[in-house]
Visitor: 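I'd like to ask you about the structure that follows.
One-based numbering, in listed order, for ligands and for the atoms of each.
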Amino acid sequence: MGKKPWDGRFSQDTDAMVERFTSSIDVDKELYAYDIEGSIAHLTMLAHGGIITEDEAAALREGLGRVKEKISNNELEFSDTLEDIHMHVESALGDEAGNVARKLHTGRSRNDQVALDARMYLKAETLAIIEGLFALQKVLVEMAEKHKDVVMPGYTHMQRAQPVLFAHHLMAYYEMFKRDRERMEDSLKRTDVMPLGSAALAGTTFPLNRELTRKLLGFAKVSDNSMDSVSDRDFSMEFISAASICMIHLSRFSEELVLWSSSEFAFITISDAFTTGSSIMPQKKNPDVAELVRGKTARVVGNLMAIITLMKSLPLAYNRDMQEDKEPLFDTVNTLKACVDIYTRMLPNIKVNKETMLEASQHGFLNATDLADYLVVKGVPFREAHSISGKSVAYALENNKELHDLTVDEFKKFSDLIDSDVFEFLSIEKMISRRVTHGGTGYDNVQQAIKQAEQDLKRAE
Ligand code: ARG
């Protein structure tokens, strides 16, 4: 330890403060398994092309195996002197395998090495997140199916608007998470590109078989431009932006769960296991999980700002600034995974207060649009019907009634065309049933959407 790979050119030791300042080992040690796997593929390719001997490759492979074990057993001491995970692995390999370790870095730079490690890491994590999103979608569909007859007020401007099925509301989130999963799947295509062999920036003079390295590491393709390979982080930026959008969906859902579980709404009760109490107010039961997911959205969006600002204005090719890419990436992966997983566990632990939701759907003139529609069916132009319904609402408000509390005679003040059949027309059941346009909240539509989702999820298994 202590000796730097670049010491040939330097006559002074690195200042201790600089070592601390430039070190990234605290963060990038997370990549050790990928770093070693990448090195094994690299040395196998070097041996295959006769750039190192098979004996050397065997010694390096064995040594790297021991280094991996050491790190996973927490037996390797990390030090700022060795800067990052790449230099730690190489130095530990020297301790294990001796001088041959110095051949491993032939035709390679930490610049293509770190790009490789980050892509390997992100491939694995994106796949895990895709699985997590599948599980969340599944739980949502199960919940929608379980509560398929529950009616709730649908809102615009946070004001009661029209009745909807609770299942329809849940399936709206299903759609959002479906697109989130698709965005992850799509970004994966661009992460799944193998940069090793780009070396520092210009490629290398050694006859590297990059196609072999790609095959060994299971990448879909080899990168096509060495300068691009070592200097862009768009795969991270793309992942974090997809993650931010997903977190924003989770945050909106969280906001609703917080509202719905309040005494003011009382639409749902979140189980004790997923809430916490107050240290001072004995009656409290707080929706902390939802609140924290909402709060953690800020971190992920912050990570997005960090990485896109990091990359802005960086000239080609590698710049040390880019070492700062890992904290936002790792934090985004960890945060998103945790939030998706906790939602998947929490949702089945929510009790739905069907009666309260129904009661709320019957107050606040949620059937005013339907009264207008009723008149349209009887031949009144919609704008006129809207006005008649509006006047009926104003009258009902004045008299402290709902539209369905008015008598036929009262209705007739506003239109002769209103008869006693209006009451059935304005019932919740009929209002829901009539919304049969594709994507609407009609019972059959929602049932069909649930069936379709079940099939899609099964097909994707
Ligand atoms: N730790 C560095 C990073 O994360 C690795 C590449 C360093 N390359 C260099 N030439 N200093 O970006």
Side-chain angles (χ1 to χ4, degrees), residues 1-10 12-39 41-42 67 71 76 78-93 102 104-125 191 193-204 223 226-237 239-240 303 306-334:
M1 272 203 199
K3 207 159 138 68
K4 298 281 197 277
W6 53 82
D7 76 347
R9 190 229 179 277
F10 283 64
Q12 258 187 326
D13 286 344
T14 316
D15 184 275
M17 204 188 251
V18 172
E19 279 191 340
R20 178 82 281 256
F21 187 74
T22 55
S23 163
S24 59
I25 188 61
D26 288 349
V27 175
D28 62 25
K29 62 184 178 208
E30 169 104 21
L31 295 173
Y32 82 91
Y34 299 113
D35 196 73
I36 290 170
E37 196 186 333
S39 285
H42 182 64
V67 173
I71 300 179
L76 189 77
F78 293 118
S79 141
D80 290 337
T81 316
L82 287 171
E83 239 182 70
D84 56 24
I85 190 60
H86 324 297
M87 279 165 61
H88 275 83
V89 169
E90 196 177 323
S91 159
L93 180 62
R102 300 170 76 83
L104 176 63
H105 212 49
T106 310
R108 187 174 71 167
S109 156
R110 279 186 295 156
N111 298 352
D112 57 347
Q113 192 177 356
V114 72
L116 175 73
D117 293 4
R119 284 176 182 271
M120 288 172 75
Y121 162 86
L122 190 52
K123 268 179 70 177
E125 295 296 348
T191 303
V193 178
M194 209 290 295
L196 209 63
S198 303
L201 78 163
T204 170
S223 64
S226 60
M227 294 182 79
D228 172 46
S229 314
V230 294
S231 75
D232 206 355
R233 293 291 181 266
D234 58 359
F235 60 97
S236 289
M237 291 190 273
F239 168 81
I240 302 176
N303 291 336
I307 194 149
I308 63 179
T309 315
L310 170 72
M311 296 308 294
K312 177 191 166 297
S313 310
L314 284 189
L316 301 192
Y318 179 82
N319 300 273
R320 190 62 180 272
D321 314 42
M322 286 154 68
Q323 180 167 288
E324 290 289 317
D325 67 344
K326 285 168 216 65
E327 271 183 271
L329 179 61
F330 295 172
D331 185 66
T332 300
V333 164
N334 295 337

Visitor: Ligand 1 and Arg233, any nitrogen or oxygen pair closer than 3.5 angstrom?
Guide: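 In fact, backbone or side chain, Arg233 has no N or O that close.
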Visitor: Hey, does Lys326 have a side-chain heavy atom less than 4.5 Å from the side chain of Ser236?
Guide: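 When only atoms from C-beta onward are counted, Lys326 and Ser236 do not touch, as no gap falls below 4.5 Å.
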Visitor: Between Glu125 and Asn334, is the side-chain contact (heavy atoms from CB on, under 4.5 Å) condition met? List the steps.
Guide: CA-CA 9 Å; Glu125 295 296 348; Asn334 295 337; 5.7 Å; no
Visitor: Would you please test Thr332 and Asn303 for side chain to side chain donor-acceptor pair (under 3.5 Å) and show each step?
Guide: CA-CA 7 Å; Thr332 300; Asn303 291 336; 3.0 Å; yes
Visitor: Nearest protein heavy-atom contact for atom 6 (C) of ligand 1: which residue, which atom, what distance?
Guide: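 Of the protein heavy atoms, Tyr318 OH, 3.4 Å lies nearest.
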Visitor: Please state which protein non-hydrogen atom is closest to atom 10 (N) of ligand 1 and give its distance, to 0.1 Å?
Guide: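 For atom 10 (N) of ligand 1, the nearest protein heavy atom is Asn111 OD1, 3.4 Å.
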Visitor: Can you name the atoms of ligand 1, numbered from 1 with element, that are less than 4.0 Å from a heavy atom of Asp84?
Guide: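 Once the distances to Asp84 are compared, the set is 1 (N), 2 (C), 5 (C).
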Visitor: Checking a contact table here: which protein heavy atom is nearest atom 4 (O) of ligand 1, and how many Å away?
Guide: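 Closest protein heavy atom to atom 4 (O) of ligand 1: Lys326 NZ, 2.5 Å.
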Visitor: Checking salt bridge (charged side-chain N to carboxylate O under 4.0 Å, His left out) against Glu83, which of Arg20, Lys29, Arg110, Lys4 comes through?
Guide: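 Result: among Arg20, Lys29, Arg110, Lys4, Arg110 is the only option passing the salt bridge (charged side-chain N to carboxylate O under 4.0 Å, His left out) with Glu83.
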Visitor: When you measure from atom 11 (N) of ligand 1 to every protein heavy atom, which one gives the shortest distance, and what is it?
Guide: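 Answer for atom 11 (N) of ligand 1: Arg110 NH2, 3.5 Å.
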Visitor: Just wondering, do Phe21 and Asp15 contact through their side chains at under 4.5 Å, heavy atoms?
Guide: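 Side chain of Asp15 against side chain of Phe21, heavy atoms only: no contact under 4.5 Å found.
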Visitor: Where do Ser24 and Asp84 come nearest, in terms of heavy atoms and distance?
Guide: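 Nearest pair, atom of Ser24 first, then Asp84: OG-CB, 3.4 Å.
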Visitor: I need the atoms of ligand 1 closer than 4.0 Å to a non-hydrogen atom of Ser24, numbered in the order shown.
Guide: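 With Ser24 as reference, the close atoms of ligand 1 come out as 1 (N).
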